[in-house]
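First the proteins, then the strands, lettered A, B, ... as listed; each starts at 1.
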Protein chains: 2
Amino acid sequence: MVAEKVFTQLRRGTLEFCVLALLQGEPRYGFELVKALGEVDGLVTTEGTIYPLLARLRREGLVETSWRESESGPPRRYYKSTAEGSQALAAFTADWQRFCASVDAILESGRRG
Amino acid sequence: MVAEKVFTQLRRGTLEFCVLALLQGEPRYGFELVKALGEVDGLVTTEGTIYPLLARLRREGLVETSWRESESGPPRRYYKSTAEGSQALAAFTADWQRFCASVDAILESGRRG
DNA sequence: TCCGCTACCATGCGACACAAGGTACCTGCC
DNA sequence: GGCAGGTACCTTGTGTCGCATGGTAGCGGA
């Protein structure tokens, strides 16, 4: 699809926190995140995007990891949000809503004008 | 503000169409756009961002330009959306709404989980 | 042996930020 | 009238950073 390029730009800055949101509950591993995001409209990504992102989150202390054996296949590294991660997610959510409101207002004004 | 960095990322991909939305009605010139965007939460930019962006829009045929004398100061280059630009804006608006819905859903699930 | 799952790295692109430079117009002063 | 300085406006170059692309490597099952 041609329009995919638009989403590539839109994902910037949000993908990081979408991943963080997915890691709030049960711990998940990288490949699982790719599959989960792939089911959401406009958030499709690949491992090449997810792993550097997860590494960054870990470096910043927003997620913590643990290895677990898999029933089928190589062991998996599970990621889980830290308290700091949850806090960062809450802060982003507020910013995101403000931003959306601004953009919606501008787009709306364009439809009128 | 520290949180400004977040908005820098969020602006990517949307700023282009916010400008296009502002150019739907009356033609505007670059400096005017900078001031208009500066009043909107999360969309503050500078000339260094706007002019390359406008140049790109012009290259893609989404806006057209004309010079006009100014009452005070140097002549201004006015930008105005083409029919193709309006069409692109409509397409983006649809994509944007889908994207917002997806992100909202993910963030919401993170708050529950 | 081949293929799928899983993790990870190297490289590149593209959009926006930052900052400086340049030109045109106006105003005030002499 | 004409010069100096300030402001409006446009342009350009360099930097930054997140995501994409493509590739490597190891393990395990068919």
Side-chain angles (χ1 to χ4, degrees), chain A residues 1 4-20 27-38 42-60 62-63 65-79 92 99 103, chain B residues 1-20 27-38 42-60 62-63 65-79 92 99 103:
Chain A
M1 204 193 290
E4 286 306 322
K5 275 202 169 173
V6 178
F7 291 115
T8 296
Q9 296 304 321
L10 291 182
R11 277 190 282 271
R12 287 176 180 266
T14 64
L15 188 56
E16 174 179 353
F17 293 98
C18 287
V19 167
L20 209 48
R28 298 172 190 247
Y29 59 97
F31 206 73
E32 187 184 2
L33 288 169
V34 172
K35 283 184 289 186
L37 290 171
L43 290 177
V44 188
T45 48
T46 62
E47 301 97 300
T49 299
I50 286 295
Y51 287 113
L53 194 157
L54 288 169
R56 198 172 70 240
L57 291 178
R58 193 171 33 152
R59 250 194 331 269
E60 295 170 353
L62 303 183
V63 301
T65 68
S66 59
W67 286 96
R68 284 196 213 168
E69 292 295 323
S70 166
E71 296 166 352
S72 62
R76 299 163 174 169
R77 170 175 273 172
Y78 277 79
Y79 297 80
F92 171 79
F99 182 75
V103 173
Chain B
M1 204 193 287
V2 181
E4 285 306 322
K5 276 203 169 175
V6 178
F7 292 115
T8 297
Q9 296 304 321
L10 292 181
R11 275 190 283 273
R12 287 173 183 268
T14 64
L15 187 58
E16 174 178 352
F17 293 98
C18 287
V19 168
L20 209 47
R28 296 173 189 249
Y29 58 97
F31 206 73
E32 186 183 3
L33 288 170
V34 173
K35 283 185 287 185
L37 290 171
L43 289 177
V44 188
T45 48
T46 62
E47 299 102 300
T49 298
I50 287 293
Y51 287 111
L53 193 156
L54 289 169
R56 200 172 67 240
L57 290 178
R58 194 170 34 152
R59 242 189 344 262
E60 295 169 353
L62 304 184
V63 301
T65 69
S66 59
W67 287 96
R68 284 197 213 166
E69 293 296 323
S70 165
E71 295 167 352
S72 62
R76 300 163 172 168
R77 170 176 274 171
Y78 277 79
Y79 298 81
F92 171 80
F99 182 75
V103 173

Exercise. Base, sugar-phosphate, or nothing: which does B:P75 touch, judged by heavy atoms less than 4.0 Å apart?
Worked result: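 Sugar-phosphate contact only.
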Exercise. What is the nucleic acid contact for B:Y78, judged by heavy atoms within less than 4.0 Å: base, sugar-phosphate only, or nothing?
Worked result: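 Nothing, no nucleic acid heavy atom in range.
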Problem set entry | Carboxylate-amine/guanidinium proximity below 4.0 Å for A:R56 and A:E16 |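 Yes, charged N to carboxylate O under 4.0 Å.
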Side-chain N or O of [X] closer than 4.0 Å to phosphate OP1/OP2 of [N]:
{"X": "B:Y51", "N": "D:dC10", "answer": "yes"}
{"X": "A:R12", "N": "D:dA20", "answer": "no"}
{"X": "B:Y29", "N": "D:dC10", "answer": "no"}
{"X": "A:T8", "N": "D:dC19", "answer": "no"}
{"X": "B:R77", "N": "D:dT11", "answer": "yes"}
{"X": "B:R56", "N": "C:dC16", "answer": "yes"}

Exercise. Where each residue is assigned the nucleotide of DNA chain C containing its nearest heavy atom, which of B:R11 and B:P74 is assigned the position nearer the 5′ end?
Worked result: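 Whichever sits nearer the 5' end wins; that is B:R11.
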Problem set entry | Comparing B:T46 and A:R76 on DNA chain C - which has the more 5′ nearest nucleotide |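 The answer here is A:R76.
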Problem set entry | Most 5' of A:L53 and B:T49 on DNA chain D, judged by nearest nucleotide |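 It is B:T49, whose closest nucleotide lies nearer the 5' terminus.
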Exercise. Taking for each residue the nucleotide of DNA chain D bearing the nearest heavy atom, is the 5' side occupied by B:R58 or by A:G48?
Worked result: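 Nearest-nucleotide comparison on DNA chain D picks B:R58.
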Nucleotide [N], atom [atom2] - distance to [atom1] of [X] in whole Å:
{"X": "A:E60", "N": "D:dC17", "atom1": "CD", "atom2": "C1'", "answer": "12 Å"}
{"X": "B:L54", "N": "C:dA15", "atom1": "CG", "atom2": "C1'", "answer": "14 Å"}
{"X": "B:L33", "N": "D:dC10", "atom1": "CG", "atom2": "P", "answer": "9 Å"}
{"X": "A:L15", "N": "D:dC17", "atom1": "CG", "atom2": "P", "answer": "18 Å"}
{"X": "B:L62", "N": "C:dA15", "atom1": "CG", "atom2": "P", "answer": "12 Å"}
{"X": "A:E47", "N": "D:dC19", "atom1": "CD", "atom2": "P", "answer": "16 Å"}
{"X": "A:R28", "N": "C:dT6", "atom1": "CZ", "atom2": "P", "answer": "14 Å"}
{"X": "A:K35", "N": "C:dG4", "atom1": "NZ", "atom2": "C1'", "answer": "11 Å"}

Exercise. Hey, what do you get for OH (A:Y29) to OG1 (A:T65), rounding to the nearest 0.5 Å?
Worked result: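 If we round to the nearest 0.5 Å, A:Y29:OH and A:T65:OG1 are 16.0 Å apart.
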Problem set entry | Any donor-acceptor pair under 3.5 Å from B:R11 side chain to B:G42 backbone |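 Answer holds: yes.
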Exercise. Which word best sums up how the rings of B:F7 and A:F99 line up, parallel for under 30°, tilted for 30 to 60°, or perpendicular for over 60°?
Worked result: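 Because their plane-to-plane angle lies in the 30° to 60° range, the rings of B:F7 and A:F99 count as tilted.
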For this session: Check step by step if side-chain contact (heavy atoms from CB on, under 4.5 Å) holds for A:T46 and A:V34.
Result: CA-CA 6 Å; A:T46 62; A:V34 172; 5.5 Å; no
